[in-house]
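One structure is given here, and the rest of the page talks about it.
Each chain gets a letter, A, B and so on, in the order its sequence line appears, and its residues count up from 1.
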Amino acid sequence: MSGLRQGAGRSALIFGATSPVARALAREFARCGYELFLAGRAGEDLEAVASDLRIRHRVSAHACPLDALAFETHAAFFEAVAARTGESLYVAVFCIGSMSDQKAAERDWDAARAMLDTNYTAAVSLLERTAAYFEPRKRGVIGVVGSVAGDRGRQSNYLYGSAKAGLAAYAQGLRNRLWRSGVQVTTIKPGFLDTRMTWGKPGLFGVATPERAAEGIFAALAAGRDVAYVPGFWRGIMLLIGAVPERVFKRLKL
Amino acid sequence: MPPWVRRELSGWARYPVEACHEFRPERRGAVAEILASGGQSSYIARGLGRSYGDCALNRGAGVVNLTRLDRFLNFDEDTGEVRCEAGVSFEALLQTCLPRGWFPPVTPGTKFVTVGGAIANDIHGKNHHADGTFGAAVNEMTLLTPNGERVVCGPQRNADLFWATVGGAGLTGFILDARFRMLKVETAYLKADHLRVKGLAEAMRAMLDSDAGYRYSVAWIDGLARGKSLGRSVLMRANHARLSDLPSGTPNPLWPPPRGRCGVPFKLPSLTLNRWSVRAFNTLYYATHGDAAGKLVDFDAYFYPLDSIAHWYRLYGRRGFVQFQVSFPAASAEAGLAEVLEKLSASGRASFLAVLKRFGAANAGWLSFPSPGFTLALDLPMRDGLPRLLGELESRVLAHGGRIYAAKDALTTADAFRAMYPELGRFRALRAELDPRGLLSSSLARRLGLARAGAEAFA
């Protein structure tokens, strides 16, 4: 247990703070009394998310404009945020994710690259800075929100899935590296979530609300888990999907 | 192209049910993108779907669900002014503001409505005689007009657009955010007085005599009582309790202890609420609600008794129900209400909920429903012959100079609506200028002639 529920005097940094799941997660931290640093695309939505947390939960919440794909700005961004927290930074959660149309991305390299960069490269760029901050301080919790799509490549979304697979392997290595310093790294693999990403998509099941997903993410972080599926039943489903032999799997229309 | 889902949508009364193409933006800018995408023949905003009929439906076309744009933008705890996005619910308003001593200025009988819907339908509550409608508490709002522009309007700024939008059923633009005044309270409790009265005339007289002493006043009517018991009611009047009204040692004066919530798990047969079961309930209700004075009730129990029963519309069975709310000017109210009640009572159509309320002064909203006089609201289970009965009632309502509330309605005709709302012509003229392509429309707009017929393609 990392005592994550004790938020007084601590700050949490959320990358990708404007999504519904990140908003719901920020509320979980706000309820525990954390000061919030909300990193996301500059604009009225980021400001609105920050004011909403301040008003509903009476916590300090700061909008920190971030361009996830402007890698060259990340070092300065992280340094500035860390300085603003005044050594109170205790949690950082990577919630950035983007799924564009697989078929379009197969035809358009720029679209494919943007998807890979958003879901994978941006995470590495931002989390390396985060790790370098927590490691010498021998404290901290890093949450990495990936996806069940990273567990097995499927024709319908393997570009997105491959970035999430890379993210999972990255988080695994980071966990191994930071264990000695007492820094927790938790990989979270959500299933289908009721957000813009899935709105209008056919054939979904067990879709979780952002609030339920956020509760699951927070609980996994608080329990000090290494890897957690959210909601939990996805562990069983992915176990079954993983058990299908590749010579069979490659023939399936998934 | 912004994603949408084809869904069978309905209002709270589950009549009518229509296939619509539902969008659900998660960024503010996405609303304008949806409007500009050209993917649908028309669009209408939707919140939590608690309006009863077809005002947030758009058969075969776009419905824009704004519940994900639900962020508080500002809250001044000294003046009680809130600025928030249209998707903020009254539940969130209460959770956020009541513990700090501020209550919604006007509230309907459920807290599962949005601020945007409250303005678009210019909702009223039990305090209309004292405080007017929700629209009257709005200082300013940001409207995304059909041409994609954001226009700030209020009673002092773009006043025409403002008063067309208050009660305008979402047909002047998408309300993105609003700034409004909350009401200062000392506690989360109400001090209620109950009084049983034997008939309609007595109920109306009691309201006229005593409403001035109460912020909230409403009468529950036994819709099945006939003859000399016609209009037999329990008058329920209340004020916000002062701190000194509470027993000493109340743990948190501004937030009552939590209560359970139950639900109606599935749709029941259409006969669950029939004339016998409702008669039994109404008789019991009248018998058990004796006269009481100074009874302390928490805000949830007083304002939102049905919110603790999730999906209560299922009590009406698969075919749903129709809510009928009518108002009459003071002069013709007694005759008009008596005729409506007699007709309904004679038809034996059970009304579980029948509520009488006195309206105070009207506001400047062009299509705002409340006007001085009395209003009666009732639920009628959908059965064969109901549309005909309501058609007959409609003509009686017109004969007595009355009008029907669009947010609760599903069956009124365009001709009758025009006769009830004298500013309709002005509203249509503004719409013609604001929305020449007919980008904003709804099933209600087409039924009531709020949008020009033919301007919209009918997919």
If one checks every heavy atom of Arg6(B) against chain A at 4.5 Å, the contacting part turns out to be neither

Hey, does Arg100(B) have a side-chain heavy atom less than 4.5 Å from the side chain of Arg58(A)? yes

Honestly, the part of Asp177(B) sitting under 4.5 Å from a heavy atom of chain A is neither

Q | Neighbour count above 12 (heavy atom, 6.0 Å) for Arg41(A) CZ | A | no

Using side-chain heavy atoms (C-beta onward) and a distance below 4.5 Å, is Asp194(A) in contact with Arg24(B)?
yes

Does Lys103(A) have more than 12 heavy atoms from other residues, nucleotides or ligands lying within 6.0 Å of its NZ? no

dist Arg23(A):CZ -> Asp70(B):CG (nearest 0.5 Å) comes out at 4.5 Å

Taken to the nearest 0.5 Å, the spacing of Trp4(B) CH2 from Trp199(A) CH2 works out to 12.0 Å

Chain A shares the most heavy-atom pairs under 4.5 Å, among Val82(B), Asn74(B), Leu69(B), Thr96(B), with Thr96(B)

- Counting only N and O atoms by type, is there a donor-acceptor contact under 3.5 Å from the side chain of Asp52(A) to the main-chain atoms of Phe72(B)? yes

*Heavy-atom distance under 4.5 Å between the side chains of Arg71(B) and Ser51(A), does that happen here?*
no

If you define the side chain from C-beta out and look only at heavy atoms, does anything of Ser19(A) sit under 4.5 Å from Glu26(B)? no

Turns out that what part of Glu77(B) lies under 4.5 Å from chain A's heavy atoms comes down to side chain

Between Pro2(B) and Arg196(A), is any pair of side-chain heavy atoms under 4.5 Å apart? no

Heavy atoms of Ala92(B) and Arg56(A) approach each other most closely as CB-NH1, 3.6 Å

